[in-house]
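Taking it in order: structure first as structure tokens, then the write-up.
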Amino acid sequence: MFEFLSKLWDTAPFPARWHCGEWSAGHGWLHICSDVAIFLAYMAIPVVLAVLITRRKDLPFPRILWLFVAFIALCGMTHIIEAVIFWRPIYRVAGLVKFCTAVVSWTTVFALVPTVKRVMTFRSPEALEREVEARTRELAREKATLEAILDSLDAGVVVASPEGRVVLMNRRAEEILGETIADEALHDWPRLLNVVPTRGITMTTAEASATQNTSEEPSIPLLDALERGRSVREQELHMQNRDSGKPMTLNFSARTIRASTGNSEGAVACFTDITSRVNAERELARSNRDLQQFAYASSHDLVEPLRQVASYSGLLAETYGEKFDDKGARYLNYVKEGSERMQSLVHGLLAYSRVGTRGFNPEWVDVESLVNDILTDYDSALKSADGEVQIEGKMPRLFVDPTQLRQVMQNLIANGLKFRSQEAPRLTLRVEQDGAYFRFSLQDNGIGIAPQHHERIFRVFQRLHTRNEFEGTGIGLALCQRIVTGWGGEIWLKSEPGQGSTFFFTVPRGRPSEVAAN
Ligand code: ADP
């Protein structure tokens with residue numbers, strides 16, 4: 001081997017090909033010219049391939065292409081050597097180059113087989129084109145469906161690209177905002193539209209324009225979602241029509257659109273026009289306030305004359321009672337009873353209207369001692385009726401106005417004792433945790449209430465019985481409901497006639513702000 005390599009260029013033992021056999025000049029040059037032409041072509045092909053491979057980095061199977069480059073170049077080398085041998089018999093070099101060519105060509109063959117298998121799985125350009133067409137049709141169908149859905153929505157939808165351009169806007173969005181901002185820069189939308197964000201729907205045009213001058217701009221939910229990645233839910237945005245000054249309230253939700261990689265692909269905002277609802281609520285709140293003021297003022301002003309009628313009819317009966325005949329005494333008694341009853345109605349109404357007009361003073365109240373306190377007042381009533389009120393489990397402490405809690409507990413306990421059946425009254429007070437609330441229940445074994453009356457009995461003056469059957473004003477449960485809903489809780493009942501009743505009510509577990517945070 002070593003000897004072969006050391007004599008690689010040694011031509012001594014061989015004659016040049018011109019001297020080997022009888023060559024005519026034409027025959028010899030035919031070989032020489034053809035070998036040189038083949039060599040040149042075989043060298044040109046790898047050069048072209050190499051340029052292609054280095055320029056197009058995305059070509060599949062680059063390694064096999066490099067093998068082709070080497071294999072073709074080596075084939076070219078064998079041909080040029082064949083031509084050289086006519087003058088210089090470098091048969092050893094020729095053998096070595098042929099050997100290298102053989103190794104590279106077989107390597108190419110072995111590499112080619114698995115590559116061909118993979119290439120066989122490739123789809124033809126026609127098949128790919130058909131597939132692209134089918135997908136394009138599918139996408140167009142999906143887009144049309146999406147657009148139809150968007151346009152049939154009663155909510156406005158605006159989609160912004162990551163660069164802050166409006167790329168999609170449905171019909172309702174155009175209707176609500178007054179014009180299209182599709183394709184516009186989002187930052188500019190208050191300028192583009194005929195609306196300006198304001199701080200509140202209650203503002204007049206003058207107030208609103210004053211607000212415009214404040215440095216702090218109302219935040220735009222879609223921009224928040226786009227720039228800060230902040231999802232916005234149910235945010236009210238107040239706006240005003242630039243020309244008419246007409247206020248408008250929109251309820252916005254917005255969120256960032258995220259790709260599977262987590263990168264932002266823009267943001268989408270949905271909004272509904274809630275102007276009429278907000279106006280109706282404001283109107284309702286205002287008329288409720290007026291009504292409350294009226295109820296308070298009138299019941300408050302009634303107290304004094306009523307007290308006068310009640311006390312003077314009492315005095316009349318006491319002082320001149322004997323002078324009345326039977327009829328007169330009966331009439332006087334009607335006046336006395338009527339005025340007393342009127343007094344309790346007015347006191348009830350006053351208590352009811354005070355829930356809304358007076359501020360309340362919450363403090364931590366121990367429910368158990370408050371209930372025990374109430375029961376002491378009912379001691380004799382309980383004894384005479386052979387009744388029993390049980391507190392089951394440990395009662396919590398509540399952050400409420402103690403007077404209000406007392407009113408609720410007292411009304412419910414009094415009703416449980418009052419609307420008793422034939423059996424001796426048995427009342428049980430329980431409490432359970434219900435999320436951020438405590439759920440209290442007071443169960444009795446009284447006459448029960450038919451389900452169709454379950455809502456009605458919470459309204460003022462709604463009673464299911466006459467005064468002869470059960471005394472009362474019909475204000476107790478209305479008062480309870482007002483107090484409980486004022487705390488942010490609810491009150492309801494479960495009951496069937498003859499099967500007793502259970503009244504439930506919920507109270508926030510902590511201070512109201514802590515409940516909101518829960
Ligand atoms: P009042 O007790 O002064 O009649 P309420 O507002 O407290 O007024 O109650 C309204 C009506 O609901 C009562 O008249 C009664 O018909 C019914 N009710 C309330 N509590 C009970 C109860 N525990 N069992 C049966 N009926 C009840």
Side-chain angles (χ1 to χ4, degrees), residues 291-292 295 299 302-303 306 337-356 371 374-375 377-378 381-382 384-392 403-431 439-487 489-507:
L291 215 62
Q292 212 166 284
S299 43
L302 282 176
V303 170
L306 260 176
E337 271 180 19
S339 57
E340 276 165 7
R341 180 162 164 65
M342 185 82 148
Q343 262 182 323
S344 59
L345 280 172
V346 165
H347 281 129
L349 262 184
L350 209 55
Y352 181 77
S353 54
R354 264 181 191 150
V355 176
V371 173
I374 297 170
L375 293 182
D377 295 345
Y378 282 87
L382 278 168
S384 65
D386 198 18
E388 198 185 352
V389 181
Q390 253 189 14
I391 299 177
E392 217 176 84
T403 317
Q404 291 189 339
L405 182 63
R406 193 184 178 89
Q407 281 172 316
V408 172
M409 287 290 190
Q410 193 164 322
N411 269 302
L412 295 179
I413 291 172
N415 280 350
L417 297 175
K418 182 163 64 173
F419 298 104
R420 54 177 291 193
S421 58
Q422 306 295 346
E423 295 167 33
R426 293 278 175 272
L427 271 63
T428 314
L429 179 69
R430 299 184 179 89
V431 68
R439 187 175 63 233
F440 289 89
S441 65
L442 184 72
Q443 186 179 14
D444 65 43
N445 59 345
I447 54 173
I449 307 164
Q452 67 266 30
H453 301 308
H454 285 189
E455 266 186 40
R456 200 185 119 195
I457 55 169
F458 288 102
R459 287 186 224 137
V460 182
F461 299 142
Q462 293 295 325
R463 312 195 65 233
L464 307 177
H465 308 277
T466 61
R467 253 187 309 132
N468 295 338
E469 292 172 285
F470 295 101
E471 262 297 324
T473 56
I475 293 176
L477 286 181
L479 180 71
C480 291
Q481 188 182 50
R482 194 138 197 223
I483 292 173
V484 172
T485 49
W487 293 333
E490 280 176 288
I491 184 165
W492 70 99
L493 74 144
K494 256 193 197 165
S495 181
E496 287 288 341
Q499 294 181 15
S501 312
T502 308
F503 281 82
F504 297 90
F505 66 94
T506 53
V507 191

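Counting convention: from 1, in listed order, for ligands and their atoms alike. All of these numbers come straight from a predicted model, not from anything done at the bench.
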Quiz item: Is Phe470 touching ligand 1 with its side chain, its backbone, both, or neither, if touching means heavy atoms under 4.0 Å apart?
Solution: neither
Quiz item: Knowing that exactly one of Leu493, Thr502, Ile413 qualifies, which makes a side-chain contact (heavy atoms from CB on, under 4.5 Å) with Leu442?
Solution: Ile413
Quiz item: Numbering the atoms of ligand 1 from 1, which are under 4.0 Å from a heavy atom of Ile449?
Solution: 18 (N), 21 (C), 25 (C), 26 (N), 27 (C)
Quiz item: With only distance considered, is Leu477 within less than 3.5 Å of ligand 1 through an N or O on each side?
Solution: yes
Exercise. Output the list of atoms in ligand 1 that are nearer than 4.0 Å to some heavy atom of Thr473, sorted by atom number.
Key: 3 (O)
Quiz item: So is there a nitrogen or oxygen of Gly474 less than 3.5 Å from a nitrogen or oxygen in ligand 1?
Solution: yes
Practice problem: Check side-chain contact (heavy atoms from CB on, under 4.5 Å) between Arg439 and all other residues, then give those that pass, not counting sequence neighbours. | Solution: Glu432, Asp434, Trp492, Phe504, Thr506
Quiz item: Should Leu464 and Phe419 count as side-chain neighbours, where that means a heavy-atom distance under 4.5 Å?
Solution: no
Practice problem: Among His465, Lys418, Glu469, Gln422, find the residue that satisfies the side-chain contact (heavy atoms from CB on, under 4.5 Å) test when tested with Ile447. | Solution: His465
Practice problem: Mind checking whether Asn411 contacts ligand 1 via backbone (N, CA, C, O), side chain (CB onward), both or neither, at a 4.0 Å heavy-atom cut-off? | Solution: neither
Self-check item: Proximal ligand 1 atoms for Lys418, defined as those under 4.0 Å from one of its heavy atoms
Solution: 1 (P), 2 (O), 3 (O)
Exercise. Would you mind checking which non-hydrogen protein atom is closest to atom 19 (C) of ligand 1, with the distance to 0.1 Å?
Key: Asn415 ND2, 3.5 Å
Quiz item: After noting the C-alpha distance and the side-chain angles of Leu429 and Val389, does the key distance pass the side-chain contact (heavy atoms from CB on, under 4.5 Å) rule?
Solution: CA-CA 8 Å; Leu429 179 69; Val389 181; 5.5 Å; no
Practice problem: Starting from atom 4 (O) of ligand 1, locate the nearest protein heavy atom and write down its residue, its atom name and how far away it is, to 0.1 Å. | Solution: Arg463 NE, 2.7 Å
Exercise. Would you check, one step at a time, whether the test side-chain contact (heavy atoms from CB on, under 4.5 Å) holds for Phe503 with Asn415?
Key: CA-CA 10 Å; Phe503 281 82; Asn415 280 350; 5.6 Å; no
Exercise. Could you check atom 16 (O) of ligand 1 against the protein and tell me its nearest heavy-atom contact, residue, atom and distance included?
Key: His465 CD2, 3.1 Å
Quiz item: Between Asp444 (side chain) and Ser501 (backbone), is there a donor-acceptor pair under 3.5 Å?
Solution: yes
Quiz item: Looking at atom 23 (N) of ligand 1, what's its closest protein heavy atom, distance included?
Solution: Asp444 OD2, 2.9 Å
Quiz item: Counting only heavy atoms not in Arg341, do more than 12 sit closer than 6.0 Å to its CZ atom?
Solution: yes
Quiz item: Considering residues at least two apart in sequence or located in another chain, which fulfil the salt bridge (Lys or Arg N to Asp or Glu O under 4.0 Å) criterion with Glu423?
Solution: none
Quiz item: Which pair of non-hydrogen atoms, one from Pro451 and one from Glu496, has the smallest distance, and what is that distance?
Solution: CG-OE2, 3.6 Å
Practice problem: Would you mind listing which atoms of ligand 1 come within a distance below 4.0 Å of any non-hydrogen atom of Ser501? | Solution: 24 (N)
Quiz prompt | Gly472 neighbourhood, listing ligand 1 atoms whose heavy-atom distance to it stays under 4.0 Å | solution = 3 (O)
Exercise. Enumerate the atoms of ligand 1 whose separation from the nearest heavy atom of Gln462 is less than 4.0 angstrom.
Key: 10 (C), 11 (C)
Quiz item: What residue and heavy atom of the protein are closest to atom 21 (C) of ligand 1, and at what distance?
Solution: Phe419 CD1, 3.5 Å
Quiz item: Cationic tip of Arg482 within the cone over Tyr352's six-membered ring, i.e. under 6.0 Å and within 45° of the normal?
Solution: yes
Exercise. Name the option, out of Thr466, Ile413, Ile457, that contains the heavy atom nearest to atom 17 (C) of ligand 1.
Key: Ile457
Exercise. Using a strict cut-off of 4.0 Å, indicate which atoms of ligand 1 neighbour a heavy atom of Leu464.
Key: 14 (O), 16 (O)
